[in-house]
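Below, chains carry the letters A, B, ... as their sequence lines are ordered, and counting in each starts from 1.
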Amino acid sequence: PVYNALINGFCRDNKIKEAFSLLSQMADKGIKPNVITYSTIINSLSDAGKVESALAVLAKMFVTGCSPNVHTFTSLLKGYFMEGRLFEALDLWNQMIQEGSEPNVVAYNALIHGLCSNGRMEEALSVSYNMERKGCYPNVTTYSALIDGFAKAGNLVGASMVWNKMITNGCLPNVVAYTSLVDALCRVFMFNQAHCLIEKMAAENCPPNTVTFNTFIKGLCCAGKIEWAVKVLEQMDQDGCLPNATTYNELLDGLSKANRIKEAFELFREMMEKGVEPNIVTYNTMLYGFCHAGMFKEPLQLLGEMLLMGKKPD
RNA sequence: AAAACAACCUGUGUUA
């Protein structure tokens, strides 16, 4: 348990090398890694987009006589889907069932999310029906993944259908579910409705958070409704919801794509004054904006500032 | 509290 906790800590810090060295240290001391040890490592490799390495660890598990469980399979599934390897993901799913690991709600959610993010909404929906039939009931995470999938596909009808089913099934929406629905509305340019939904959230005892507002602002910026987006920024403060770097990045991007680089730069300064630290995306956005506007002195200056702030250009 | 699942930002505004 102590080693597993340590390995988990390294994995969370993206220190996979250190995690592996702990693994070999365990071997030196004659401590046998268990399924949790291996799954922890497999999960972080999957998250890092290194499914091949994750599979190598899986093979090693088998060699040492340790069987994967549903956690292990779910982590690998995620890795396959992240790389768009749909068929291998589905093969893995079948393999999991054949090996006698019953999928639980988390595993189903990972499968549904993977299908959604690979554009397979039909299949994702039918998986949600199947799980229910098998007595594994969809939860708010399941519904949110589906709503988000329909939102990204520009399918408001689908998103609303899932939302209604969620309510009918007595599942309480949380801030993620609401935010996904806000996104669905924004993507079909129903900004007034999105605004109303955000207002409703507070009344329903589920106050919007920074991501909710960011989603709304992004939708407005993409539609060229920058003035409205700026108003939303101002309103966030009143709602006790702090803008973060992403909030500003979206607005900076919107302004510079609308050829309003000067205002973008002012907002960039304002961001710093308000104590929101620019990140690498902020700088990339500004640099892009300047260059796009045919300005060449400013980006060089900004690059200098960036280095002073201890940020590495990527 | 030893492990797995859902929502937001830049990069060529990509499903015609």
Quiz item: Atom CZ of A/Arg187 to atom C1' of B/G13: distance rounded to whole Å?
Solution: 13 Å
Quiz item: Where the side chain of A/Asn109 is defined as all heavy atoms beyond and including C-beta, which of B/A4, B/C5, B/C8 is the nearest nucleotide?
Solution: B/C5
Quiz item: Does one side chain, of A/Thr40 or A/Asn43, offer a donor that lies under 3.5 Å from an acceptor on the other?
Solution: no
Practice problem: Give one of base, sugar-phosphate or nothing for A/Thr285, where a contact means two heavy atoms less than 4.0 Å apart. | Solution: sugar-phosphate
Practice problem: Look at the side chain of A/Thr215 and decide which nucleotide, out of B/C9, B/A7, B/A2, has an atom nearest to it. | Solution: B/A7
Self-check item: Nearest-Å distance once atom C1' is located in both B/A7 and B/G11
Solution: 22 Å
Practice problem: Using a cut-off of strictly less than 4.0 Å, decide whether A/Lys152 has a side-chain nitrogen or oxygen near OP1 or OP2 of B/C8. | Solution: yes
Practice problem: Return the value, rounded to whole Å, for the distance between atom CG of A/Leu251 and atom C1' of B/U10. | Solution: 14 Å
Quiz item: Should A/Lys257 be listed as having a side-chain N or O under 4.0 Å from OP1 or OP2 of B/G11?
Solution: yes
Quiz prompt | Separation of atom CD1 in A/Ile217 from atom C1' in B/U10, rounded to whole Å | solution = 16 Å
Quiz prompt | Base of B/A2 paired with side chain of A/Asn34 (donor-acceptor, under 3.5 Å) | solution = yes
Quiz item: Whole Å only: how far is the NE2 atom of A/His113 from the P atom of B/C5?
Solution: 11 Å
Self-check item: Rounded interatomic separation in angstrom, taking OH from A/Tyr178 and P from B/A7
Solution: 19 Å
Self-check item: Minimum-distance nucleotide to A/Asn284 side chain [options: B/A4, B/C9, B/U10]
Solution: B/U10
Practice problem: Check every strand shown and say whether A/Asn209 touches a base, only sugar-phosphate, or nothing at a heavy-atom separation below 4.0 Å. | Solution: base
Quiz item: Of the nucleotides B/C5, B/C8, B/A3, which one has an atom closest to the side chain of A/Lys218?
Solution: B/C8
Practice problem: Grab the CZ-P distance between A/Phe268 and B/C9 for me, whole Å please. | Solution: 20 Å
Quiz item: Which nucleotide in the set B/A3, B/A6, B/G11 lies at the smallest distance from any side-chain heavy atom of A/Tyr288?
Solution: B/G11
Exercise. Taking the six-membered ring for Trp and the single ring otherwise, decide whether the centroids of A/Trp93 and A/Tyr108 are under 6.0 Å apart.
Key: yes
Practice problem: Using a 4.5 Å cut-off on heavy atoms from C-beta on, say whether the side chain of A/Val140 contacts that of A/Leu172. | Solution: no
Exercise. Could you label the plane-to-plane angle of the A/Phe216 and A/Trp228 rings as parallel, tilted or perpendicular, counting under 30° as parallel and over 60° as perpendicular?
Key: perpendicular
Quiz item: Contact class for A/Thr40 vs. all strands (heavy atom < 4.0 Å): base, sugar-phosphate, or nothing?
Solution: sugar-phosphate
Exercise. Compare every heavy atom of A/Tyr137 with every heavy atom of A/Val105, then report the nearest pair and how far apart it is.
Key: CG2-O, 3.6 Å
Quiz prompt | Listed nucleotide nearest any side-chain atom of A/Val175, set B/A4, B/A7, B/G11 | solution = B/A7
Quiz item: Is it true that A/Glu83 and A/Lys78 make a salt bridge, defined as a side-chain N closer than 4.0 Å to a carboxylate O?
Solution: no
Quiz item: If each of A/Ala107 and A/Thr282 is mapped to the nucleotide of RNA chain B with the nearest heavy atom, which maps nearer the 5' terminus, i.e. the 5' end?
Solution: A/Ala107
Quiz item: Using atom C1' of each nucleotide, how far apart are B/C9 and B/G13 to the nearest Å?
Solution: 14 Å
Quiz item: So what does A/Cys222 touch, heavy atoms closer than 4.0 Å: a base, only the sugar-phosphate, or nothing?
Solution: base
Exercise. Quote, to the nearest angstrom, the P distance that separates B/C8 from B/A3.
Key: 25 Å
Self-check item: Side-chain donor/acceptor contact of A/Asn69 with base of B/A3 under 3.5 Å
Solution: yes
Self-check item: Lys/Arg N to Asp/Glu carboxylate O, A/Glu263 vs A/Arg269, below 4.0 Å
Solution: no
Quiz item: Counting side-chain heavy atoms from CB outward, which of B/A7, B/G11, B/A2 is closest to A/Val211?
Solution: B/A7
Practice problem: Using a 4.0 Å heavy-atom cut-off across all strands, classify A/Asn8 as base, sugar-phosphate, or nothing. | Solution: sugar-phosphate
Quiz prompt | Separation between the C1' atoms of B/A6 and B/A2, rounded to whole Å | solution = 24 Å
Practice problem: Please determine, for the side chain of A/Pro1, which listed nucleotide (B/C9, B/A2, B/A4) has the closest atom? | Solution: B/A2
Quiz item: Which nucleotide, B/A7, B/C8, B/G13, lies nearest any side-chain atom of A/Ser180?
Solution: B/A7
Practice problem: Measure from the side chain of A/Thr141, starting at C-beta and using heavy atoms only, and say which of B/A3, B/C5, B/C8 lies closest. | Solution: B/C5
Practice problem: Using whole Å, report how far CD of A/Glu250 lies from P of B/U10. | Solution: 8 Å
Quiz item: Expressed in angstrom and rounded to an integer, what is the separation of A/Asn249 atom CG from B/C8 atom P?
Solution: 15 Å
